[in-house]
There are 2 protein chains.
Amino acid sequence: MSDLVTRLRRHNWRITPQRRVIAETLEGSHVHFTAEEILERAVERMPELSRATVYNTLNEMVALGEVLELTLDGRSKRYDPNADHEHHHLICEGCGLMKDVHAMADPVDWLPGDERHGFSVTRASITYRGLCPECQAAAS
Amino acid sequence: MSDLVTRLRRHNWRITPQRRVIAETLEGSHVHFTAEEILERAVERMPELSRATVYNTLNEMVALGEVLELTLDGRSKRYDPNADHEHHHLICEGCGLMKDVHAMADPVDWLPGDERHGFSVTRASITYRGLCPECQAAAS
DNA sequence: TCCTAGCTTAGACTATGTCTAAACAAAGAA
DNA sequence: TTCTTTGTTTAGACATAGTCTAAGCTAGGA
Ligand SMILES: [Mn+2]
Ligand SMILES: [Mn+2]
Ligand SMILES: [Zn+2]
Ligand SMILES: [Zn+2]
C-alpha cells in the first residue's frame with residue numbers, strides 16, 4: 001500500500017506536474033471524489049490545469065489499474081485511489097456518505113457453479129446501502 | 001412474482017395506455033433495458049409516445065419499488081422489472097452481457113458489526129464480473 | 001355538461017464526459 | 001546546442017443521458 005505516485009511510476013508512465021497534482025489531490029483526502037471535485041481542488045494548486053487533463057489522467061490511472069472507477073449512483077463517476085486494497089462500499093441513502101468496508105468472505109466463492117452461466121468470474125464488488133448515524137437521527 | 005402491471009396496480013397508480021406499454025416492454029424480454037431501448041421498442045406499439053413519459057414513468061416505477069434501477073457501468077441506467085425477486089448481476093467485461101444470478105448467502109451477513117460505521121445496513125447488491133463463453137473463446 | 005387533477009408532449013436545458021486540433025514540453029540524436 | 005520525434009496539455013466543440021417547463025390533453029367527479 002505505497003502511495004499512488006510511487007505505484008504509478010512503476011508503469012514507466014511520465015509523472016508530469018499536472019499528473020502529480022491530480023494524483024495527490026485524489027489520494028490526499030480519503031473520500032471518493034468525482035472528476036469535477038478533483039479539478040476544483042487541483043486548480044487551487046495549479047490554476048492553468050484543464051478539465052481535459054483531469055479526465056484523461058483519471059482514465060489513464062484507471063487503465064493502469066492503480067485507481068478504481070466507481071459508478072454507484074447514476075451521477076458522476078467517483079475515483080478511488082485505494083486500488084491495491086480489496087474492499088467494498090457502504091453508502092448512505094440519505095446523504096450519499098460513502099465508507100470503505102471489508103467483508104468476511106469473498107463473494108466470488110458464494111456464487112455456485114450452476115449460477116455462472118459458463119462465465120469465468122474474476123471479481124465481484126458489493127455495494128451495501130443503509131442510513132448513516134446522522135440520517136438515522138434525522139429520520140426518527 | 002406476479003406481472004409488473006398487476007404489481008403496479010396495487011399502488012393505486014393509474015395505468016394509462018402509455019404506462020402499460022412501457023411496463024410491458026420492460027417486462028417482455030428478460031434483459032435489462034436502458035430508457036432509450038425501452039422508448040425505441042415501445043414506440044413501435046405507440047408511435048406518439050414521448051421520451052419524457054418514458055423517463056417519468058420509469059422513475060415512478062422505481063419510486064414505487066416495483067422496478068430496480070441499475071447503474072453498473074458509467075453509461076445509461078438500466079431498468080429491471082424483477083424487483084420482487086432478490087438477485088445479483090453477472091456482467092461480461094468483453095461484451096456487456098448481463099445475467100441475473102443468485103448467491104448462496106446474503107452479503108449483509110458478511111459485513112461485521114465493526115465495519116458498519118454505525119449505519120443501519122438494509123441491503124446489499126453484488127456485481128460479479130468476468131467473461132462470457134463467447135468472449136472467452138474470442139480471447140484465446 | 002364543466003371542472004379539476006393528473007398525465008403527456010416537444011423541446012429547451014443541464015450535467016457529465018469525450019474528441020479534436022493546435023500548442024507545448026521533454027528526451028534523444030546529431 | 002539545435003533538431004526531431006513523441007507524448008502531453010489545452011480550449012472549446014461536441015456527444016449523450018437525463019431533467020425541467022409550459023402548454024395541451026384526458027379521465028373522472030360534481
Ligand atoms: Mn473505496
Ligand atoms: Mn436483474
Ligand atoms: Zn447519511
Ligand atoms: Zn461477452
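Letters go in sequence order (proteins before strands), and every chain restarts at 1.
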task = Find the distance A:Leu39:CG to C:dG17:C1' and express it as a whole number of Å.
result = 13 Å
remark   = The answer to which of A:Asn56 and A:Gly74 contacts DNA chain D further toward the 5' end, by nearest nucleotide, is A:Asn56
task = Please report, rounded to the nearest Å, how far the P atom of C:dT16 is from the OH atom of A:Tyr79.
result = 12 Å
inquiry  = Please report the distance, rounded to the nearest Å, between CG in A:Leu58 and P in C:dT16.
reply    = 15 Å
message = Angle between ring planes, B:His87 versus B:His89, binned at 30° and 60°: parallel, tilted or perpendicular?
response = perpendicular
query = Charged N to carboxylate O below 4.0 Å: is that the case for A:Glu37 and A:Arg78?
reply = yes
query = Atom CD of A:Glu36 to atom P of C:dA15: distance rounded to whole Å?
reply = 10 Å
ask   = Counting any heavy atom closer than 4.0 Å, what does B:Arg51 reach on the DNA or RNA strands: base, sugar-phosphate only, or nothing?
value = nothing
remark   = Atom NZ of A:Lys77 and atom P of C:dG17 are separated, to the nearest Å, by 6 Å
task = Could you tell me whether a side-chain N or O of B:Asp106 sits under 3.5 Å from a main-chain N or O of B:Asp109, the two making a donor and an acceptor?
result = no
inquiry  = Pair A:His32, A:Asp100 - check side chain to side chain donor-acceptor pair (under 3.5 Å), show working.
reply    = CA-CA 10 Å; A:His32 301 82; A:Asp100 282 1; 3.0 Å; yes
inquiry  = Under 4.0 Å, heavy atoms only, any strand: does A:Thr53 hit a base, just the sugar-phosphate, or nothing?
reply    = base
request  = Assess whether atom CZ of B:Arg45 is packed by more than 12 heavy atoms of other residues, nucleotides or ligands within 6.0 Å.
outcome  = yes
Difference in axis direction between the ends of the helix from C:dT1-D:dA30 to C:dA30-D:dT1, five pairs, 10° = 0°
request  = Compare side-chain N and O positions of B:Thr16 against OP1 and OP2 of C:dT8 and report whether any pair is under 4.0 Å apart.
outcome  = yes
ask   = Is the side chain of B:Gln18 donor-acceptor paired with the backbone N or O of B:Ser50 at a distance under 3.5 Å, no angle test?
value = no
ask   = Nearest nucleotide by nearest heavy atom, which residue falls closer to the 5' end of DNA chain C, B:Pro17 or A:Ser76?
value = B:Pro17
request  = Would you kindly give the CD-to-P distance between A:Glu40 and C:dA15, to the nearest whole Å?
outcome  = 13 Å
inquiry  = So B:Arg75, base contact, sugar-phosphate only, or nothing? Heavy-atom distance under 4.0 Å.
reply    = nothing
Output a table of donor-acceptor pairs, distance under 3.5 Å, between side-chain atoms of residues 61-75 of chain B and any protein atom two or more places apart or on a different chain; print 'none' if there are none.
from, atom 1, to, atom 2, distance (Å)
B:Glu66, OE1, B:Arg7, NH1, 2.9
B:Glu66, OE2, B:His11, NE2, 2.7
B:Glu69, OE2, B:Tyr79, OH, 3.4
B:Thr71, OG1, A:Leu72, O, 3.4
B:Asp73, OD1, B:Arg75, N, 3.2

note = Min and max contacting nt of DNA chain D in 5' to 3' order, chain B heavy atoms within under 4.0 angstrom, are D:dA17 to D:dA27
ask   = Salt bridge check: are B:Arg14 and B:Glu60 linked by an N-O gap of less than 4.0 Å?
value = no
message = Is there a side-chain contact between A:Pro17 and A:Met46 in this structure, where contact means two heavy atoms from C-beta onward sitting under 4.5 Å apart?
response = yes
request  = Measure from CD on A:Gln18 to C1' on C:dA23 and round the result to the nearest Å.
outcome  = 13 Å
query = A:Arg78 CZ to C:dG17 P: how many Å, rounded?
reply = 10 Å
inquiry  = Under 4.0 Å, heavy atoms only, any strand: does B:Arg14 hit a base, just the sugar-phosphate, or nothing?
reply    = sugar-phosphate
